[in-house]
Asks: 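Take a look at this one; I'll ask things after.
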2 protein chains.
Amino acid sequence: MAEKRAPYCETTVIHGEVVDRVSKMLMPDQVTASIAEFFKVFGDQTRIRILQVLFEEEMCVCDIAYLLNMSQSAISHQLRVLKQAGIVKYRKDGRVVYYSLDDEHIQSIFEQGYQHVMEAKEKR
Amino acid sequence: MAEKRAPYCETTVIHGEVVDRVSKMLMPDQVTASIAEFFKVFGDQTRIRILQVLFEEEMCVCDIAYLLNMSQSAISHQLRVLKQAGIVKYRKDGRVVYYSLDDEHIQSIFEQGYQHVMEAKEKR
DNA sequence: TGAACATATGAACAGATATTCATATATTCC
DNA sequence: GGAATATATGAATATCTGTTCATATGTTCA
């Protein structure tokens with residue numbers, strides 16, 4: 001049984017056994033923080049649009065900016081976020097920098113998000 | 001060929017053919033916005049921790065707050081976000097409200113995030 | 001070497017977001 | 001009915017985040 005109360009909900013543990021059992025299965029905070037950090041990258045429309053473009057083809061910064069009708073700077077900033085998350089990689093050819101996907105799982109995750117959105121649409 | 005330039009990168013379309021082809025495959029903004037909105041929900045550690053708890057078992061607000069050592073209010077606010085995103089559902093039993101998962105795909109998406117994080121760890 | 005150009009980056013600002021605090025709502029039990 | 005309790009919610013606040021703007025970096029080409 002849970003012996004002590006946290007600073008909150010101090011009056012009673014409503015379901016002590018359940019709490020005890022699940023508390024043993026919790027991931028370290030470091031892991032849950034990393035997972036949240038990873039998904040945060042997908043939680044921005046600009047980055048989703050960039051990824052969608054890169055699913056189709058490797059592409060340079062200027063062309064992405066043109067396609068999405070956004071500033072080169074904005075795209076460059078977001079590509080850095082994607083790069084730091086290990087989601088895209090780049091290669092240089094002269095002064096042109098080509099970005100492409102760096103993780104096979106990304107497309108699958110993306111598609112599951114797309115599916116969820118589409119199913120939610122049907123329900124309405 | 002792309003005929004006009006966007007307000008940005010006005011000088012040249014670097015790869016006109018690529019841009020033209022991909023531009024025809026872009027999803028509507030409404031869709032990419034929804035996808036980003038969906039993933040945004042996973043982009044918060046508290047919500048990730050709540051989901052992890054609910055993977056194990058249906059649970060009431062007070063117990064979740066206790067388990068995660070957070071205020072009842074904070075948990076309640078986040079459960080609302082999860083509910084509005086169609087990720088969790090609830091049932092009432094007296095004054096106790098039990099939350100559980102409302103989408104089978106969620107666990108799969110979560111696990112892919114977990115895998116990515118773990119693989120990223122190995123690479124270091 | 002210098003002009004042109006593709007990209008990167010730091011600072012600043014505006015808008016979004018998570019938690020706290022106070023309080024409302026709704027249910028149970030005496 | 002009234003006290004206790006589980007949850008929900010609105011407002012306020014502090015922090016985070018995305019874009020813009022100005023500028024730096026690095027490459028090409030004349």
Side-chain angles (χ1 to χ4, degrees), chain A residues 5-15 18-19 32-33 36-37 39-50 58-85 88-100, chain B residues 5-15 18-19 32-33 36-37 39-50 58-85 88-100:
Chain A
R5 292 274 20 182
Y8 307 109
C9 270
E10 300 205 24
T11 48
T12 49
V13 174
I14 300 185
H15 309 89
V18 173
V19 168
T32 53
E37 211 60 38
F39 282 116
K40 204 171 286 180
V41 176
F42 291 84
D44 176 79
Q45 186 178 16
T46 298
R47 289 192 290 267
I48 290 290
R49 294 175 78 214
I50 291 174
E58 168 190 82
M59 202 171 293
C60 74
V61 179
C62 191
D63 284 350
I64 297 172
Y66 171 73
L67 256 179
L68 304 187
N69 195 31
M70 293 185 66
S71 74
Q72 173 270 321
S73 179
I75 297 300
S76 189
H77 277 298
Q78 296 304 345
L79 282 169
R80 185 156 57 109
V81 173
L82 291 166
K83 193 172 61 189
Q84 283 175 342
V88 305
K89 63 184 183 223
Y90 65 93
R91 69 178 177 87
K92 287 191 174 184
D93 183 10
R95 55 191 165 194
V96 180
V97 179
Y98 294 91
Y99 281 84
S100 58
Chain B
R5 293 273 19 181
Y8 307 110
C9 271
E10 300 204 25
T11 49
T12 50
V13 175
I14 299 185
H15 310 88
V18 173
V19 168
T32 53
E37 212 59 38
F39 282 117
K40 206 172 283 182
V41 175
F42 292 84
D44 177 80
Q45 186 177 17
T46 298
R47 290 192 290 268
I48 289 291
R49 295 175 78 213
I50 291 175
E58 169 190 81
M59 201 172 291
C60 75
V61 179
C62 191
D63 284 349
I64 297 173
Y66 171 74
L67 256 179
L68 304 187
N69 194 32
M70 293 185 65
S71 74
Q72 173 270 319
S73 179
I75 298 299
S76 189
H77 277 296
Q78 296 304 345
L79 282 169
R80 184 156 56 107
V81 174
L82 291 166
K83 193 172 60 188
Q84 283 176 341
V88 305
K89 62 184 185 226
Y90 65 92
R91 69 179 177 88
K92 287 191 174 185
D93 184 10
R95 56 192 163 193
V96 180
V97 180
Y98 295 91
Y99 281 86
S100 58

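No hydrogens, no waters, no symmetry mates; every other heavy atom, side chains included, goes into these values. Convention: sequence-line order gives letters A, B, ...; per-chain numbering from 1. Quick caveat, the model's predicted, so the values are computed rather than measured.
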Asks: How many angstroms lie between CG in B:Asp63 and NE2 in A:His15, if you round to the nearest 0.5 Å?
Replies: 6.0 Å
Asks: Measure CG/B:Leu79 against C1'/C:dT19 and give the value in whole Å, please.
Replies: 14 Å
Asks: Nearest whole angstrom, please: distance from the P of D:dT7 to the CG of B:Asp63.
Replies: 8 Å
Asks: Counting side-chain heavy atoms from CB outward, which of C:dT19, C:dA18, D:dT19 is closest to B:Arg47?
Replies: C:dA18
Asks: Which is true for A:Lys40 with a 4.0 Å heavy-atom rule: it touches a base, it touches only sugar-phosphate, or it touches nothing?
Replies: sugar-phosphate
Asks: Output the distance between atom CZ (A:Arg91) and atom OG (A:Ser100), rounded to the nearest 0.5 Å.
Replies: 8.0 Å
Asks: What heavy-atom pair brings B:Asp44 and A:Ala36 nearest, and what distance separates the two atoms?
Replies: C-CB, 3.5 Å
Asks: Below the 4.0 Å mark, does D:dA6 have OP1 or OP2 next to a side-chain nitrogen or oxygen of B:Tyr90?
Replies: no
Asks: For B:Leu68 and B:Arg49, which heavy atoms make the closest approach, and how far apart are they?
Replies: O-NH1, 3.4 Å
Asks: Rounded to the nearest 0.5 Å, what separation is found between the CG atom of A:Leu79 and the NZ atom of A:Lys89?
Replies: 14.5 Å
Asks: Provide, to the nearest angstrom, the distance between the CZ atom belonging to B:Arg91 and the P atom belonging to D:dT7.
Replies: 12 Å
Asks: Go through D:dT7, D:dT20, C:dT19 for me and flag the one nearest to the B:Val61 side chain.
Replies: D:dT7
Asks: When the distance from CG of B:Asn69 to P of C:dT20 is rounded to whole Å, what number comes out?
Replies: 10 Å
Asks: Using nucleotides 9-15 of chain D, report all nitrogen or oxygen pairs with the protein that are shorter than 3.5 Å.
Replies:
residue	atom	partner	partner atom	Å
D:dT9	O4	B:Ser73	OG	2.7
D:dG10	O6	B:His77	NE2	2.8

Asks: Round to the nearest Å and state the distance from A:Ile75 atom CD1 to C:dA8 atom P.
Replies: 11 Å
Asks: Strictly below 4.0 Å: does B:Gln78 bring a side-chain N or O up to OP1 or OP2 of C:dT17?
Replies: no
Asks: Is there side-chain contact between B:Ser73 and B:His77, with at least one heavy-atom pair below 4.5 Å?
Replies: yes
Asks: Looking at C:dA6, I'd like to know if its phosphate oxygens (OP1 or OP2) sit under 4.0 Å from a side-chain N or O belonging to A:Tyr66.
Replies: no
Asks: Tell me the interatomic distance from A:Ile64, atom CD1, to C:dA8, atom C1', rounded to whole angstroms.
Replies: 14 Å
Asks: Is a side-chain donor or acceptor of A:Arg47 paired with a backbone partner of A:Lys40 at a separation under 3.5 angstrom?
Replies: yes
Asks: Mind checking A:Tyr98 for me? I need base, sugar-phosphate or nothing, with any heavy atom below 4.0 Å counting as a touch.
Replies: nothing
Asks: With sequence neighbours left out, what residues match A:Phe42 under ring pair (Phe, Tyr, Trp, His ring centres under 6.0 Å)?
Replies: A:Phe38, B:Phe39
Asks: Whole Å only: how far is the CD atom of A:Gln45 from the C1' atom of D:dT19?
Replies: 14 Å
Asks: Bend angle of the helix from C:dT1-D:dA30 to C:dC30-D:dG1 from five-pair axes at both ends, rounded to 10°?
Replies: 20°
Asks: If you check every side-chain atom of A:Arg95, which of D:dG26, D:dA6, D:dT7 has the closest atom?
Replies: D:dG26
Asks: When you compare the side chain of B:Met70 with that of B:Gln78, does any pair of heavy atoms fall below 4.5 Å?
Replies: no
Asks: Can you tell me if A:Lys92 has over 12 outside heavy atoms packed within less than 6.0 Å of its NZ?
Replies: no
Asks: Take atom CG of A:Asp93 and atom P of C:dA6, then tell me their distance rounded to the nearest Å.
Replies: 13 Å
